[in-house]
Amino acid sequence: MNDKASILLVNPPIYDFTAFDFWLKPLGMLSDAGKIANCADFQIFDFLDRSHSFYADKPQFKSDDWGRGQFFSTVIPKPNALKKIPRYYRRFGLPAEIFTEFLKTNKPCDFVFVQTVMTYWYLGYQEVIRAVKTYWPKTKIVLGGPYTMICPEHAESLGADFIYGDEQIPATGAGAKQLPLWSLYKGLQTAAMKITQGCPFKCTYCTVPLLCDGFTAKPVEQAIEELKFLILLGVKNIAFYDDALLYKSDEVIKPFLRYVIENKINVSFHTPNALNARFIDDEIAGLMVKAGFKSFYLGFESRADEFQKQTGSKIFDNEFANAVKTLATAGAAKDSITAYLMLGHPQFEIQDVQESMDFVNSLGVKIMLADFSPIPGTPDGKLCEKYVNMNEPLMHSKTAFPIILFGDDKINRIKDMCRKLNRFEN
Ligand code: B12
Ligand code: SF4
């Protein structure tokens with residue numbers, strides 16, 4: 001007789017113009033599930049899992065050396081709000097029928113947890129909620145993650161039973177397990193870690209300062225436990241989801257990296273969520289390279305001082321250039337270093353993008369244009385109210401907003417330029 005609750009964790013499909021498996025894992029949901037692991041039986045259905053048997057005869061979706069890859073996708077009609085955007089709209093992830101079959105052939109769980117991330121991906125969350133309500137009508141649905149925190153009222157409208165806000169699920173049960181529930185995946189190769197919460201900066205386009213009060217870090221021992229668990233499961237690539245991974249480095253990242261080096265742990269680390277280049281000193285750079293960081297994504301956004309000053313001063317061009325030099329001196333390959341530059345910010349003069357791209361190119365590293373996504377509640381989201389209806393989360397789409405602001409031709413021209421520059425790095 002089992003009196004434990006049964007919980008199905010679901011990572012929904014993505015409805016968007018583009019999506020790429022850039023180390024996307026439902027880390028928030030797995031972390032909270034880990035806290036109550038002793039009092040429930042868990043299963044997972046991950047629409048974004050490219051190791052699912054559905055992909056077995058589709059080699060084009062295989063991972064690259066670092067664990068990234070394309071998702072299966074189908075073109076679908078654009079929702080009305082996005083009708084004017086001249087791009088195909090798609091549904092990314094496992095076909096809906098596989099989930100329907102899963103729901104039909106399995107005993108209904110007591111709860112379904114649904115991971116949310118981008119606000120403009122809510123059509124995927126809605127698809128999951130509708131399917132669960134149809135086949136498992138008595139099951140309670142819990143929606144959690146960034147979308148529910150950024151757009152709580154909209155999240156209420158999707159029909160879930162509980163919306164998980166910024167409260168924490170307390171760890172329960174004797175010896176409660178604190179590790180994210182990665183063991184639910186079979187043959188896990190790629191995972192994510194987040195060892196800090198919050199950020200010391202207050203960039204006007206970012207929601208992190210609004211969602212997190214200050215900066216905290218997990219005890220190093222806990223971060224090491226998480227790492228050891230991932231290694232035990234056979235993970236080869238780990239992406240950090242931290243917003244300020246290098247802040248207070250003497251207490252947080254440096255001891256962690258020393259442990260990795262001293263114990264000769266053989267894993268590749270990645271930083272898709274951007275590192276703050278200002279914090280990169282000789283010691284951190286050396287430790288990161290030795291510990292196995294294979295890709296360095298640095299948040300730069302723009303070379304223009306005025307832009308930086310107005311949006312939070314997180315980095316200036318001389319600091320950025322120094323960080324690139326420091327990483328290269330420590331042994332990082334130049335082609336493993338990428339600068340994120342923002343495209344489509346409401347106060348961004350187009351010449352600055354060009355000049356910023358040229359500057360990054362002159363340092364010999366790659367440029368990645370990060371299309372601007374306006375976020376409600378942020379100062380810059382407020383500025384966007386005059387261009388789009390911010391109450392409709394689809395209008396936060398990173399593809400749509402720059403096109404609405406600057407027009408398709410201009411955006412295409414800049415993207416072409418970026419591709420050319422990346423081909424001819426100095
Ligand atoms: C990691 C990350 C990414 C990853 C992808 C993550 C993923 N799984 O898909 C990468 C680097 C690829 C990425 C890309 C982008 N991102 Co991003 N990203 C984040 C980040 C740092 C964390 C998201 C996450 O996974 N959180 C979940 C966990 C890890 O967070 P947590 O706080 O520990 O969670 C706790 C609770 O929330 C709870 N919880 C979380 N989930 C759940 C689920 C359930 C069911 C329950 C019960 C509880 C629960 O449990 C945790 C412990 O208590 C957030 C900022 C942030 N700090 O939240 C931005 C954020 C979501 N990203 C943002 C942006 C702007 C982008 C980009 C558009 C940037 C760009 N211009 O390219 C791109 C978009 C990519 C795309 N294809 O459209 C914005 C949101 C924009 C929006 N409109 O929604 C955010 C909020 C940052 C910001 N700038 O303000 N991102
Ligand atoms: S440094 Fe990054 S995480 Fe911190 S407030 Fe600025 S954009 Fe957000």
Side-chain angles (χ1 to χ4, degrees), residues 22-23 66 195-196 198-203 205-206 208 215 217 238-258 260-261 268-343 345 352-370 418 421-422 425-426:
F22 204 54
W23 302 287
W66 304 139
I195 61 176
T196 63
C199 175
F201 294 96
K202 288 192 166 37
C203 301
Y205 40 80
C206 181
V208 173
F215 174 87
I238 296 178
F240 281 101
Y241 278 6
D242 299 71
D243 294 303
L245 182 66
L246 307 184
Y247 187 51
K248 299 208 171 159
S249 61
D250 286 338
E251 293 144 56
V252 187
I253 195 72
K254 284 181 187 171
F256 177 86
L257 296 179
R258 282 191 203 106
V260 173
I261 296 163
S268 299
F269 292 108
H270 308 278
T271 59
N273 198 34
L275 296 171
N276 191 301
R278 178 179 290 174
F279 297 131
I280 295 177
D281 58 28
D282 292 340
E283 192 183 8
I284 294 184
L287 288 170
M288 286 173 94
V289 171
K290 270 205 202 104
F293 278 67
K294 296 292 169 12
S295 58
F296 301 87
Y297 291 89
L298 308 178
F300 188 32
E301 319 310 352
S302 165
R303 188 200 180 166
D305 272 11
E306 198 43 43
F307 176 84
Q308 292 294 353
K309 282 185 194 145
Q310 278 192 30
T311 58
S313 300
K314 78 171 174 192
I315 182 91
F316 291 99
D317 59 3
N318 57 331
E319 296 171 304
F320 186 83
N322 280 341
V324 168
K325 213 159 117 197
T326 308
L327 282 171
T329 309
K334 280 263 182 106
D335 66 1
S336 69
I337 306 173
T338 306
Y340 285 131
L341 289 179
M342 198 180 273
L343 176 63
H345 184 277
D352 291 336
V353 183
Q354 177 66 63
E355 207 186 307
S356 304
M357 289 198 298
D358 288 340
F359 176 73
V360 171
N361 184 250
S362 74
L363 301 175
V365 299
K366 284 205 163 57
I367 308 157
M368 193 182 277
L369 293 171
C418 175
L421 286 172
N422 278 341
E425 279 160 37
N426 289 343

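Because the structure is predicted, anything quoted here is derived from the model rather than measured.
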Going through the checks in order, is the side-chain contact (heavy atoms from CB on, under 4.5 Å) test met by D242 and I195? CA-CA 7 Å; D242 299 71; I195 61 176; 3.6 Å; yes
Could you tell me the separation between the [atom1] atom of [X] and the [atom2] atom of [Y], rounded to the nearest 0.5 Å?
X	Y	atom1	atom2	answer
L257	F269	CG	CZ	7.0 Å
E301	L343	CD	CG	11.5 Å
M357	Q354	CE	CD	4.5 Å
F307	F316	CZ	CZ	11.5 Å
K334	K325	NZ	NZ	10.0 Å
Q310	S302	CD	OG	10.5 Å

Can R303 and L341 be said to form a side-chain contact (heavy atoms from CB on, under 4.5 Å), step by step? CA-CA 9 Å; R303 188 200 180 166; L341 289 179; over 6 Å; no
Can you name the nearest heavy-atom pair linking [X] to [Y], along with the distance?
X	Y	answer
P272	Y340	O-OH, 2.6 Å
P255	S249	CD-O, 3.6 Å
S356	A304	OG-N, 4.4 Å
A244	G198	CB-O, 3.8 Å

[X] vs [Y] side-chain heavy atoms within contact, under 4.5 Å:
X	Y	value
D317	Q308	no
L298	L327	yes
F320	L363	yes
D358	S362	no
K366	D335	yes

Give every donor-acceptor pair under 3.5 Å between a side-chain atom in residues 274-284 and any protein atom, sequence neighbours left out.
unit_1	atom_1	unit_2	atom_2	d
N276	OD1	R278	N	2.9
R278	NE	E319	OE1	3.4
R278	NE	E319	OE2	2.7
R278	NH2	S313	O	2.9
R278	NH2	E319	OE1	3.3
D281	OD1	E283	N	3.1
D281	OD1	I284	N	2.7
E283	OE1	K254	NZ	2.9
E283	OE2	R258	NH2	2.9

Residue from I337, T271, N273 passing side chain to side chain contact (heavy atoms under 4.5 Å, CB included) with Y297: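 So, applying the side chain to side chain contact (heavy atoms under 4.5 Å, CB included) to Y297 and each of I337, T271, N273, only T271 qualifies.
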For W23, is there any backbone N or O sitting under 3.5 Å from a side-chain donor or acceptor partner on W66? no
Partners meeting ring pair (Phe, Tyr, Trp, His ring centres under 6.0 Å) with F215 (sequence neighbours left out):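 In terms of ring pair (Phe, Tyr, Trp, His ring centres under 6.0 Å), with neighbours along the sequence ignored, F215 is linked to Y247.
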Hey, can you pull the donor-acceptor pairs under 3.5 Å for the side chains in residues 287-295, sequence neighbours left out?
unit_1	atom_1	unit_2	atom_2	d
K294	NZ	S268	OG	3.3
S295	OG	H270	ND1	2.8

If the plane angle is over 60° it's perpendicular, under 30° parallel, otherwise tilted; pick one for Y205 and H345.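 Y205 vs H345 ring planes: perpendicular.
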